[in-house]
Number of protein chains: 2
Amino acid sequence: MSTAVVSYVVNSGPRPVAPATRQRVLDAMAALGYRPNAAARALRLRRATAIGLVVPDVSNTYFGALARELSDRAFTAGYGLLLGDSNNDPERERAQVESLVDRQVDGLIVLSLEPGSTVELRGTPTVYLDQRSRPGQASIVIDNAGGARTAVEHLVGHGRRRIAHLGGLAGAPGADDRARGWREALARAGLESGADLSVQADYSREGGHAAARDLLSRRPRVDAVFVASDVQALGLLRAARELGISVPQDLAVVSFDGTADAVFSDPPLTAVEQPLARIADAALSAVLGQPPPRGRQQIAVDLVIRRSCGCTE
Amino acid sequence: MSTAVVSYVVNSGPRPVAPATRQRVLDAMAALGYRPNAAARALRLRRATAIGLVVPDVSNTYFGALARELSDRAFTAGYGLLLGDSNNDPERERAQVESLVDRQVDGLIVLSLEPGSTVELRGTPTVYLDQRSRPGQASIVIDNAGGARTAVEHLVGHGRRRIAHLGGLAGAPGADDRARGWREALARAGLESGADLSVQADYSREGGHAAARDLLSRRPRVDAVFVASDVQALGLLRAARELGISVPQDLAVVSFDGTADAVFSDPPLTAVEQPLARIADAALSAVLGQPPPRGRQQIAVDLVIRRSCGCTE
DNA sequence: CTGTTAGCGCGTTCAC
DNA sequence: GTGAACGCGCTAACAG
């Protein structure tokens with residue numbers, strides 16, 4: 001038997017092999033413990049059977065949950081998942097993306113810190129998640145502005161009037177659109193959205209904590225906050241406890257993401273929930289499917305009511 | 001200039017190149033946008049410049065934080081990180097490990113659900129983290145039993161006498177040794193460690209919540225709990241709130257991991273802290289360094305005091 | 001229709 | 001500084 005036949009057996013194609021021969025090959029493979037060399041295969045086929053994922057911080061519950069969804073689906077589809085943590089550093093992000101492109105990943109999914117970043121993708125199908133769309137590049141975004149508006153409108157419905165915003169850093173995934181949604185909803189309700197009602201921090205517990213302390217000690221009359229992520233909200237809850245502010249009585253809170261963090265905090269967080277499964281599906285098929293859908297695809301979000309908004313006191 | 005020279009320039013070796021030539025090569029690379037093909041390189045060098053990581057669940061803060069540390073170090077060392085989420089499923093874990101071995105990763109780090117699992121590693125340097133050692137296999141473990149003992153002794157020092165255990169599932173990373181540490185510390189203190197004082201759940205908020213409800217409603221006289229992970233402790237805190245049990249007054253709690261989850265919970269969790277940076281370093285050098293150190297390497301842990309144990313009421 | 005031969009892809013490295 | 005062999009699997013072209 002020749003190497004060609006082995007190849008046909010291993011790949012079930014592109015040409016048929018007689019059953020008897022096929023079995024002989026299979027036996028020989030088992031006996032010798034032969035496994036095809038993935039590197040040689042990647043070289044010949046010009047594809048690595050792997051996809052790349054770049055996130056700002058995997059230890060963040062939201063990014064972790066997304067990575068989990070993607071890892072699961074990629075594995076099922078026979079792909080490996082190359083993970084790059086950009087460490088919240090745009091420079092590192094570029095480096096990670098380039099490295100993944102060099103590794104010939106078949107697709108690249110990136111949650112970018114820099115809306116404007118231009119890295120040479122050299123033909124690698126890439127999808128940006130939760131980010132402004134880029135010219136000629138596929139991008140899947142959830143309805144960040146709409147979700148934020150819904151959240152703020154809910155707070156308005158509770159009779160809150162001084163609704164602050166604890167947002168992500170400019171350029172961070174979804175941050176700008178969520179800020180815009182907050183502003184728009186306040187405008188529609190005829191409420192103030194001055195710059196001093198808004199603070200920014202990175203998507204972390206520590207960031208949320210520091211920003212919330214700043215906000216709450218500066219503007220004691222704030223009666224509600226829309227927070228751009230669950231992890232930041234966790235920081236805010238802690239700040240509130242430290243300052244003797246009770247949530248939701250003194251301060252109603254609605255956050256964004258709806259991860260497990262929101263369910264188990266005290267109080268549990270009313271949050272705009274991201275449909276992770278749907279996002280992961282869309283991202284993978286955008287990147288692996290053909291033809292790669294260009295342009296922007298928007299996914300709807302839902303507000304999930306828990307205790308932090310004051311609905312169920 | 002020949003392809004050989006380009007190679008010498010790209011790799012700064014193994015042979016010297018005249019500065020002028022070197023510059024010409026660099027210019028040409030920039031002009032043509034040339035990037036070496038990682039697959040071809042992997043084929044020639046017989047190494048993928050990538051390491052594999054298999055965890056039970058990346059969305060778990062602890063595993064996520066570990067993945068982050070590893071991703072960071074791997075990148076700095078020029079390696080890619082192939083992530084496999086085993087979804088808390090031993091079957092899936094085996095499949096992930098095999099897939100990574102096939103991909104020729106240069107090293108494999110696995111947080112295994114099955115202490116006894118035997119997958120053919122075919123020479124891939126592998127290190128098991130936080131797990132019983134296996135014959136002939138490198139393994140890095142933190143001092144699970146010792147950490148658990150320290151935690152329990154601390155609770156004993158607070159005058160607690162009915163100290164329960166909310167542990168991980170048998171076989172889960174560190175679970176068995178932490179359970180043993182709990183039992184040993186109680187025995188030394190002459191306290192009861194009956195089976196009805198111990199419940200198990202997977203490492204998740206939901207698991208911890210369900211198990212804690214079970215435990216706390218069944219044994220109302222319990223006055224302290226040693227929890228095997230931060231995420232489970234988060235579930236326990238919620239159960240305690242639901243049942244009107246106040247922590248730490250009615251119930252002192254010490255958990256294990258010391259992730260960001262422990263810092264921002266209410267109350268913040270006194271926890272046995274895992275030195276992630278050190279663990280990541282040890283794992284990487286065990287897997288990449290030479291010769292791959294066989295046998296078991298143990299890393300010490302520290303108890304970090306916060307509010308849940310009652311030290312700072 | 002089944003099995004074999006030969007060349008390709010792309011860096012690396014060594015003898016010249 | 002250069003030419004060429006090499007690593008390993010894939011597949012088109014060829015032979016039986």
Side-chain angles (χ1 to χ4, degrees), chain A residues 1-50 52 78-80 82 98-106 120-124, chain B residues 1-50 52 77-80 82 98-106 120-124 290:
Chain A
M1 74 207 148
S2 71
T3 63
V5 179
V6 175
S7 174
Y8 299 147
V9 170
V10 169
N11 305 314
S12 313
R15 278 183 39 185
V17 175
T21 315
R22 177 188 164 70
Q23 192 52 54
R24 281 206 305 143
V25 172
L26 258 22
D27 291 346
M29 281 175 52
L32 301 172
Y34 168 83
R35 318 272 315 194
N37 180 317
R41 193 184 204 122
L43 175 60
R44 189 65 177 82
L45 264 21
R46 303 172 144 280
R47 44 190 239 99
T49 335
Y79 287 81
L82 238 3
E98 290 203 330
S99 149
L100 291 174
V101 170
D102 287 348
R103 283 168 194 279
Q104 324 256 100
V105 291
D106 304 309
E120 309 131 61
L121 270 8
R122 293 203 307 290
T124 308
Chain B
M1 72 204 145
S2 70
T3 62
V5 180
V6 176
S7 175
Y8 299 147
V9 170
V10 170
N11 305 314
S12 313
R15 280 185 35 187
V17 176
T21 314
R22 177 188 163 71
Q23 192 52 52
R24 281 206 304 144
V25 171
L26 258 22
D27 291 345
M29 280 176 51
L32 302 172
Y34 167 83
R35 314 271 316 189
N37 180 318
R41 192 182 206 126
L43 175 60
R44 189 65 179 84
L45 264 20
R46 307 175 137 279
R47 43 194 233 98
T49 338
Y79 287 81
L82 238 4
E98 288 203 331
S99 148
L100 291 174
V101 170
D102 283 350
R103 283 169 194 280
Q104 327 252 99
V105 291
D106 303 309
E120 309 131 61
L121 270 8
R122 293 201 307 290
T124 307
Q290 44 180 337

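Everything numeric in this text was worked out from a predicted model, so none of it was measured. Throughout, a chain's letter reflects where its sequence line sits, starting with A, and its residues are numbered from 1.
- Position along DNA chain D of the nearest nucleotide to A:Ala38 versus B:Val17 favours B:Val17 as the more 5'-ward residue.
- Between A:Ala50 and A:Leu82, the closest heavy-atom pair is CB-CD2, 4.4 Å.
- To the nearest angstrom, P of D:dG9 lies 18 Å from CZ of A:Arg46.
- Considering all non-hydrogen atoms of both residues, A:Ala48 and A:Asp106 come closest at N-OD1, 3.1 Å.
- Put simply, the side chain of B:Tyr8 and the base of C:dC14 share a donor and an acceptor less than 3.5 Å apart.
- Nearest heavy-atom pair across B:Gly52 and B:Leu100 is CA-CD1, 4.0 Å.
- Counting only distance, with no hydrogens or angles, the side chain of B:Arg15 and the backbone of B:Ala4 share no donor-acceptor pair below 3.5 Å.
- Mapped onto DNA chain C by nearest heavy atom, B:Val6 and A:Ala20 fall at different nucleotides, with A:Ala20 at the one closer to the 5' end.
- Picking from C:dT12, C:dC10, D:dT11 the nucleotide with the shortest atom distance to the side chain of B:Arg41 gives C:dT12.
- Atoms CG (B:Asp102) and C1' (D:dG9) sit 14 Å apart, rounded to a whole Å.
- Nucleic acid contact class of A:Ala18 (heavy atoms, under 4.0 Å, all strands): sugar-phosphate only.
- Mapping B:Pro36 and B:Arg15 onto DNA chain C by nearest heavy atom places B:Pro36 at the nucleotide closer to the 5' end.
- For the pair B:Asn37 and C:dG9, the criterion of a side-chain N or O lying under 4.0 Å from OP1 or OP2 is not met.
- Distance A:Met29 CE to D:dG9 C1': 13 Å, rounded to the nearest Å.
- The two atoms that bring B:Arg35 and A:Asp102 nearest to each other are NH2-OD2, 2.6 Å, heavy atoms only.
- Comparing B:Val5 and B:Ala40 by the nucleotide of DNA chain D whose heavy atom lies nearest to each, the residue mapping closer to the 5' end is B:Val5.
- Whole-Å rounding puts the A:Gln104 CD to C:dC10 P distance at 8 Å.
- With rounding to whole Å, A:Leu43 atom CG is found 13 Å from D:dT11 atom P.
- Looking at the side chain of B:Ser2, the nearest of the listed nucleotides D:dC10, D:dT2, C:dT5 is D:dT2.
- If you measure from atom CD of A:Gln23 to atom P of C:dT2, you get 16 Å, rounded to the nearest angstrom.
- At the phosphate of C:dG11, neither OP1 nor OP2 sits under 4.0 Å from any side-chain N or O atom of B:Asn11.
- Residue A:Tyr34 places at least one side-chain N or O under 4.0 Å from the OP1 or OP2 atom of D:dG9.
- Checking the phosphate oxygens (OP1, OP2) of C:dT13, no side-chain nitrogen or oxygen of B:Arg44 falls inside 4.0 Å.
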